[in-house]
Amino acid sequence: MFQLFLPLNFLGFVYREIKASVANIERMFTLLDVESQVPDKSEKALELKGGSVAFRDVTFAYGRGKPILRGLDFEVPAGRTLALVGGSGAGKSTITRLLFRFYDVDSGSVLIDGQSVADVSQTSLREALGIVPQDTVLFNDTLRNNLLYACPEATEEQLLEAVRMVSLDRLIKDSPDGLDAVVGERGLKLSGGEKQRIAIARMLLKRPAIMVFDEATSSLDSQTELSIMQEIRRVSAGHTALIIAHRLSTVVDADEIAVVGDGVIIERGKHDELLSSGGRYASLWHAQQRTETE
Ligand code: ATP
């Protein structure tokens, strides 16, 4: 029986390995596919002057579908933070995809420091931008390589400092392999919060002028969420930041909050201003307060 079990166990291991690799390859092809849909129009590099972001009268639909954004207009001055809030499916993540130029807008323009993202090379665009996505992709590789992927030239000290800043140092101290511990199927199994911290550490190492945070609240308890928001605030200080927030309590002190709905910005302002104006933000806020106290 034991002899039979061993090869079966081994087959299970091989199956899991192949499945994990296929998942990674699929992700990579998805990324490559998205990128190949929008070829470079120009080899001109983006000239960064601080990293201001502006959406000017942007209309956009996926393929021939109904428009998701209809004349969207907003700007984020260099070094400031804008939180984007609004109901599910309002188009918040779509805004970030257009900033990265995963798709071209149907009309209007997306500008960084006054230059249209469509008129600069995608290599220079990706250098200026970084994202902590809702669902962080980790390669079935060492923690070190998962971090170096964001910044191949980072030194050992920089890697350890980034890990410390996102409070993952305990994780590597507990593992005999340290930074060379493999993450994923074969090695360290990371929680949703830990994966997000790795994404924030990648952002720390890359330090792009413009940082995008797509908050992943579903997998996080409120304590972890709060500490991750504190880390995000520390990492993004002095950088232009767009934060997509689902739980409004995490962005009360953003420089500005914009409520997205029906493909436009319905209202924008500081938390207190929006609350006292009694509009859409105020009703979202009160609704969330009620569910959190239930
Ligand atoms: P959530 O808060 O739930 O993450 P969101 O505000 O970020 O939502 P988006 O992800 O931008 O919303 O989606 C806006 C709309 O666009 C939704 O109706 C969604 O179904 C649609 N959509 C998103 N991605 C695609 C796609 N690749 N192809 C077609 N439609 C899409």
Side-chain angles (χ1 to χ4, degrees), residues 26-39 53-74 76 81-110 117-118 122 129-137 192-193 195-196 199-200 210-220 222 225 228-229 232 241-252 254 256-268 274 279-281 283-289 291-292:
E26 270 173 7
R27 294 276 191 148
M28 297 202 43
F29 273 105
T30 312
L31 285 174
L32 290 174
D33 205 28
V34 169
E35 288 188 27
S36 64
Q37 286 177 13
V38 278
V53 170
F55 275 58
R56 292 284 169 239
D57 201 12
V58 169
T59 296
F60 173 76
Y62 287 99
R64 296 208 186 121
K66 68 173 175 56
I68 306 295
L69 305 176
R70 314 157 192 263
L72 182 90
D73 219 83
F74 70 86
V76 195
T81 296
L82 175 74
L84 292 169
V85 305
S88 179
K92 304 179 296 293
S93 299
T94 302
I95 293 172
T96 68
R97 287 178 208 132
L98 297 180
L99 179 61
F100 278 80
R101 200 178 165 233
F102 285 152
Y103 301 90
D104 273 327
V105 297
D106 295 324
S107 65
S109 48
V110 177
V117 295
Q122 292 181 57
L129 294 164
I131 185 166
V132 173
Q134 278 195 26
D135 187 15
T136 300
V137 178
K195 280 192 197 160
Q196 233 194 355
I200 299 173
I210 302 164
M211 302 183 165
V212 178
F213 301 91
D214 201 344
E215 191 188 73
T217 46
S218 48
S219 60
L220 307 180
S222 45
E225 187 188 22
I228 286 185
M229 275 318 290
I232 288 179
L242 266 177
I243 302 181
I244 298 181
H246 294 100
R247 227 181 267 172
L248 304 185
S249 50
T250 57
V251 289
V252 286
E256 197 172 32
I257 301 169
V259 184
V260 185
D262 288 332
V264 293
I265 304 284
I266 306 174
E267 35 176 20
R268 53 188 277 187
L274 292 171
R280 182 69 182 276
Y281 180 84
S283 45
L284 278 172
W285 174 263
H286 294 305
Q288 284 198 2
Q289 292 296 100
T291 28
E292 275 167 31

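Order of listing sets the numbers, starting from 1, for every ligand and every atom in it.
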Trainee: How would you list, by chain and number, every residue that makes a side-chain hydrogen bond (donor to acceptor under 3.5 Å, both in side chains) with Ser93, sequence neighbours excluded?
Mentor: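 Asp214.
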Trainee: Between the side chain of Glu267 and the main-chain N/O of Arg280, is any donor-acceptor distance below 3.5 Å?
Mentor: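 It does hold such a pair.
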Trainee: In order of chain and number, which residues sit within 4.0 Å of ligand 1 by heavy atom?
Mentor: Tyr62, Ile68, Gly87, Ser88, Gly89, Ala90, Gly91, Lys92, Ser93, Thr94, Arg97, Tyr103, Gln134, His246
Trainee: Is the backbone of Val260 close enough, under 3.5 Å, to the side chain of Lys92 for a donor and an acceptor to pair up by distance?
Mentor: no
Trainee: Would you list the pairs meeting salt bridge (Lys or Arg N to Asp or Glu O under 4.0 Å) in which at least one residue belongs to residues 61-73, sequence neighbours left out?
Mentor: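 Found Arg56-Asp73.
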Trainee: Verify the neighbour count for atom CG of Asp262: are there more than 12 heavy atoms of other residues, nucleotides or ligands below 6.0 Å?
Mentor: no
Trainee: Please identify each residue that fulfils ring pair (Phe, Tyr, Trp, His ring centres under 6.0 Å) with Phe60, with sequence neighbours left out.
Mentor: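 If we apply the ring pair (Phe, Tyr, Trp, His ring centres under 6.0 Å) test to Phe60, skipping adjacent residues, the hits are Tyr62, Tyr103.
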